[in-house]
Amino acid sequence: MSIIAQVQQSTINSLSALFGQTFTEKDFQVNQTKPEFEGDYTVVLFSLVKSLKQSPDALGKLLGDHLVANNPTLFTQYNIIKGFLNLTVSDNYWLDMLNQHHNDACFGKKALNGQRVMVEYSSPNTNKPLHLGHLRNNFLGWSVAEIFKANGYEVFKTCIVNDRGIHICKSMIAWQLFANGATPQSTNNKGDHFVGDYYVKFNDEYKRQVEELITTGKTKDEAEKEAPIMKATQQMLLDWEAGKPEVMDLWRTMNGWVYDGFDITYKNIGSDFDKTYYESNTYLLGKATVEKGLQQNVFYKEADNSVWIDLEKDGLDKKIVQRKDGTSVYITQDIGLAMQKYDEYKIDQSIYVIGDEQNYHMKVLKLICQKLGLPYADSIYHLSYGMVELPTGKMKSREGTVVDADDIVNEMELVAKEKTEELGKVNDFTNEELTQLFHTIGLGALKFFLLRVDPKKKMIFNPQESIDFHGFTAPFIQFNHARIRSILRKFELNGEWSMVNGFLPLEKELIVALEQYPLILEQACAEMNPSAIAIYVYQVAKTFSSFYTEHSIANAESEEKKQLRLRLAEMTANVIKSGMQLLGVAVPERM
RNA sequence: GGUCCGGUAGCUCAGUUGGAUAGAGCAUCAGCCUUCUAAGCUGAGGGUCAUUGGUUCGAAUCCAAUCCGGAUCACCA
């Protein structure tokens, strides 16, 4: 049980004994004591004052005396300042905690709880390579999945690949028109980039044709509809849906190129999936749903044969669920896919990592599922995250301001290389070890930069700042891990030790922080928020760094102190490694 | 226009089931490497928590109004 829970419980017990009233942990607040006051944890008394008809000072005195008298192994003393009851936790409590967990790589992690959770993330289109926005999505989804695992859930990572549709046909048409049979192999280009280039070519040519038509007197709308390349693309989509062999062949070939490229990127950034769904397999899934909805009168049919749902009573709009030609739209496919996921995995919770631009869509999806009475409807959760923007504004593929995922990872690794060589601490590494280290540092810095911000908020990616390896960054945390490992390679922990003179302030600060790790893991899971871990791990590393500078471990004042500090260092390294692992960031032994 | 989200230091962000003098990093300035890795440490300056009103022992946090920014409201996905 965490110390904060023990403070809550003992306070509840004392209040019950003193006043004969029953309280819960929600009736009063327990905070970590501010550094300028004496004590470790603080009970805020104000909320209790009214119902107990006591002044804050009188209540504090009664409660403080009772707590210390009845929990002698937990509390040693207390003080009251303006309605805040500051409790000092006994050194023995902290020592027990340290002895129990300093060597525990699984500290804070929970046993299986029988719940099954699915996390869908990444969800790329196969017409262009991944960019910075996808990276935030990938890192978030992967991390949230790991955080759920650490909290005892059985987790399934999934990905829906948007591998069909008009946007895919655009790349295909452009390839037919301009490629002269070129392939990724013949041009020595990564497959996803190769195909993405033709998507760009399509847009260039489309724009050119539209302008040309406008000069012949067409309106913009007419020109956009009549541009030959657009008509060809629309025809290709029809051919695809009809299964025309040469179109299917080209589609399979080009998607294959893209998948080859994605595989490299995913492997490089450490994304993995237990199951991949393809839109080309799911896009017809809505049909049965539409039938069911019509029978239940959840949906209704318009005169032109299109099918709708009216969500106006729920504060939303009317939404189409099937076109007049009988084909299903995006939302309908999603209902089908949700159904399929549930049937296959019998999940208790289904999390969708999707940008906040689709908040409305996801609200509609869940609402429709609920109205259809589907068993999994309430378990749908949209983990909505904000867009990544540049200092110059939004990323726009048409204006070439998109930060490519492969490029940015490479750049980060390059910066890691430069800085490492500058410092010259690992000159004895082999080339292989160096490559691995640059990857660990560069990719780690990028992941941490994207995960340290609250997912819900949009964030600004400043290329200059992101490559800073100082301060609130992964390299700083990795550096502290490496410093600890360096010490632990040199000195043995002695099995027999005892403590003599109590903790120094920085020792105390560190051990108090370490004790909080299990709570942070719970919080990060409840909020589906990796940034809680990022902030916490940084706090731990920072505290250790001050401690490290101030107090020598190797040349401690006494053998007891040395043993204490070695254990503190070891536990710090374990917590850093564990927390960073949940963010997908590795920590090196040396750097 | 409807709905939703946001506005905290020069910049990027923490902090919101209401708690003590609002915190970090970057940037700026001043110190610190014969001792365990200086990707570091210590200190300084920097704030009308968008604005106004309300709720109360107490508000960055809750409520209302206003201003500003963004997303969304397709027979696109």
Side-chain angles (χ1 to χ4, degrees), chain A residues 26 29 31 33-34 36-37 42 44-47 49-50 56 81-84 86 123 125 162 164-168 279 283 302 304-308 315-325 327-331 333-334 355-361 363-364 384 386-387 389 391 394 416 419-420 422-423 425-426 441 445 449 452-454 456-462 464-466 468-480 482-491 531-532 534-535 538-539 542 545-556 562 565-566 569 590-591:
Chain A
K26 286 183 179 142
Q29 245 179 48
N31 300 332
T33 305
K34 302 256 178 218
E36 56 266 37
F37 303 101
T42 296
V44 183
L45 301 168
F46 297 108
S47 58
V49 163
K50 223 175 248 175
I81 298 170
K82 293 200 298 181
F84 295 89
N86 302 319
S123 310
N125 293 333
N162 304 116
R164 50 139 255 130
I166 193 82
H167 52 299
I168 309 299
E279 193 195 334
Y283 83 113
E302 281 288 343
D304 67 359
N305 225 26
S306 59
V307 181
W308 297 73
L316 306 176
D317 302 279
K318 292 191 173 93
K319 193 89 189 167
I320 190 160
V321 294
Q322 188 172 69
R323 296 188 187 95
K324 62 186 171 194
D325 62 8
T327 56
S328 72
V329 295
Y330 182 45
I331 193 93
Q333 306 165 29
D334 275 354
D356 62 9
E357 58 196 354
Q358 296 202 43
N359 284 354
Y360 180 80
H361 171 79
K363 212 173 183 176
V364 170
S384 168
M387 298 288 107
E389 294 176 10
K394 291 182 186 170
K419 303 228 174 193
T420 302
E422 223 171 87
L423 293 168
K425 295 177 188 174
V426 288
I441 296 173
F449 190 87
R452 67 178 212 191
V453 179
D454 187 330
K456 289 191 294 294
K457 298 192 176 177
K458 71 177 179 195
M459 66 180 297
I460 296 185
F461 183 86
N462 185 326
Q464 267 77 49
E465 275 179 32
S466 66
D468 192 348
F469 286 0
H470 303 273
F472 187 11
T473 64
F476 170 82
I477 296 165
Q478 292 169 322
F479 167 66
N480 279 291
R483 289 208 285 201
I484 296 172
R485 298 304 308 162
S486 169
I487 293 171
L488 294 176
R489 279 192 297 273
K490 290 175 192 154
F491 302 99
S531 80
I535 292 163
Y538 171 65
Q539 181 59 42
K542 192 169 133 67
S545 194
S546 296
F547 159 77
Y548 175 92
T549 307
E550 191 69 26
H551 306 296
S552 176
I553 296 171
N555 301 310
K562 184 172 173 179
R565 289 177 191 169
L566 282 170
R590 289 177 58 193
M591 68 185 278

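Atom set for the values below is all heavy atoms of this structure, side chains included, hydrogens, waters and symmetry mates excluded. Just so you know, these numbers come straight off a predicted model, no measurement behind them. Below, chain A is the first sequence line, B the second, and so on; all start at residue 1.
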Roughly how far apart, to the nearest Å, are [N] and [M] at atom [atom1]?
N: rC76(B); M: rC62(B); atom1: C1'; value: 41 Å
N: rU17(B); M: rU61(B); atom1: C1'; value: 11 Å
N: rG46(B); M: rG10(B); atom1: C1'; value: 9 Å
N: rA9(B); M: rU28(B); atom1: C1'; value: 13 Å
N: rC63(B); M: rG69(B); atom1: P; value: 24 Å
N: rC68(B); M: rA50(B); atom1: P; value: 16 Å
N: rA27(B); M: rC11(B); atom1: C1'; value: 8 Å
N: rC49(B); M: rG6(B); atom1: C1'; value: 14 Å

Does [X] have a side-chain nitrogen or oxygen under 4.0 Å from the phosphate oxygens OP1 or OP2 of [N]?
X: K318(A); N: rC73(B); value: no
X: T473(A); N: rG25(B); value: no
X: K542(A); N: rG25(B); value: yes
X: S545(A); N: rG40(B); value: no
X: H167(A); N: rC76(B); value: no
X: S306(A); N: rC75(B); value: no
X: R323(A); N: rC76(B); value: yes
X: K324(A); N: rC75(B); value: no

Looking at [N], which nucleotide sits across from it as a Watson-Crick or G-U wobble partner, both distances under 3.5 angstrom, or is there none?
N: rG58(B); result: none
N: rA27(B); result: none
N: rG1(B); result: rC73(B)

Quickly work out the [X] [atom1] to [N] [atom2] distance and round it to whole Å.
X: Q322(A); N: rC75(B); atom1: CD; atom2: P; answer: 14 Å
X: Y330(A); N: rC75(B); atom1: OH; atom2: P; answer: 15 Å
X: R565(A); N: rC36(B); atom1: CZ; atom2: P; answer: 15 Å
X: N480(A); N: rG40(B); atom1: CG; atom2: P; answer: 9 Å
X: D356(A); N: rC73(B); atom1: CG; atom2: P; answer: 13 Å
X: F469(A); N: rA38(B); atom1: CZ; atom2: C1'; answer: 17 Å
X: L45(A); N: rG19(B); atom1: CG; atom2: P; answer: 15 Å
X: F449(A); N: rC13(B); atom1: CZ; atom2: P; answer: 8 Å

Between [options], which nucleotide has the shortest distance from any of its atoms to the side chain of [X]?
X: K50(A); options: rC57(B), rA14(B), rU35(B); answer: rC57(B)
X: K490(A); options: rC36(B), rA14(B), rA20(B); answer: rC36(B)
X: Y538(A); options: rC41(B), rG25(B), rU37(B); answer: rG25(B)
X: K363(A); options: rU3(B), rC26(B), rC36(B); answer: rU3(B)
X: R483(A); options: rG25(B), rA38(B), rA14(B); answer: rA38(B)
X: Q358(A); options: rA77(B), rU37(B), rU42(B); answer: rA77(B)
X: S486(A); options: rA20(B), rU37(B), rA14(B); answer: rU37(B)
X: Y548(A); options: rG19(B), rU72(B), rA38(B); answer: rA38(B)
X: M459(A); options: rU37(B), rC36(B), rC13(B); answer: rC13(B)
X: R590(A); options: rC41(B), rA77(B), rU37(B); answer: rU37(B)

Check every strand shown and say whether [X] touches a base, only sugar-phosphate, or nothing at a heavy-atom separation below 4.0 Å.
X: S531(A); value: nothing
X: E279(A); value: sugar-phosphate
X: N125(A); value: nothing
X: I320(A); value: base
X: I535(A); value: sugar-phosphate
X: V44(A); value: base
X: S546(A); value: sugar-phosphate

With the stacking rule set at 5.5 Å and 30°, tell me whether F46(A) counts as stacking on rG19(B).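 Stacked: ring centres under 5.5 Å, planes under 30°.
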
Determine whether the aromatic ring of F84(A) stacks with the base of rG19(B), defined as ring centroids separated by less than 5.5 Å and ring planes inclined by less than 30°.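 Ring-base stacking flag not set for F84(A) and rG19(B).
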
Residues [X] and [Y]: side-chain donor-acceptor under 3.5 angstrom:
X: E279(A); Y: Y330(A); result: no
X: D454(A); Y: S531(A); result: no
X: H167(A); Y: N162(A); result: no

Decide, for rC62(B), between syn and anti: a glycosidic angle within 90° of 0 counts as syn, anything else as anti.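 In terms of base orientation relative to the sugar, rC62(B) is anti.
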
Look at the side chain of R452(A) and the backbone N and O of F472(A), then say whether any donor-acceptor pair between them is shorter than 3.5 Å.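 Yes: the side chain of R452(A) pairs with the backbone of F472(A).
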
Quick one: does any side-chain atom of S384(A) pair with a main-chain N or O of Q358(A) as donor and acceptor, under 3.5 Å?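 Such a contact is absent between S384(A) side chain and Q358(A) backbone.
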
More 5' along RNA chain B: Y360(A) or I441(A), using each one's nearest nucleotide?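 In this pair, the answer is I441(A).
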
Does F472(A) or I166(A) map to a spot on RNA chain B nearer the 5' end, using the closest nucleotide for each?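 Closer to the 5' end of RNA chain B: F472(A).
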
Is there a donor N/O on one and an acceptor N/O on the other, under 3.5 Å, for the side chain of N86(A) and the base of rA20(B)?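 Result: at least one qualifying N/O pair found.
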
Can you find a donor-acceptor pair, distance only, under 3.5 Å between T42(A) side chain and rA20(B) base?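 Per atom types, the contact qualifies.
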
Begin from the C-alpha positions of S552(A) and R565(A) and carry the test side chain to side chain donor-acceptor pair (under 3.5 Å) through to its verdict. CA-CA 9 Å; S552(A) 176; R565(A) 289 177 191 169; over 6 Å; no

Looking at K456(A), I'd like to know if its NZ atom is crowded, meaning that more than 12 non-hydrogen atoms belonging to other residues, nucleotides or ligands lie closer than 6.0 Å.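 Count not over threshold, so no.
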
Over 60° means perpendicular and under 30° means parallel, so tell me whether F84(A) and F46(A) are parallel, tilted or perpendicular.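 Perpendicular: the ring planes of F84(A) and F46(A) meet at over 60°.
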
Within the 6.0 Å centroid threshold, strictly below: F469(A) and F479(A):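 Between F469(A) and F479(A), the centre distance exceeds or equals 6.0 Å.
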
salt_bridge(R323(A), D325(A)) N-O dist < 4.0 Å: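 Result for this pair is no, no salt bridge flagged.
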
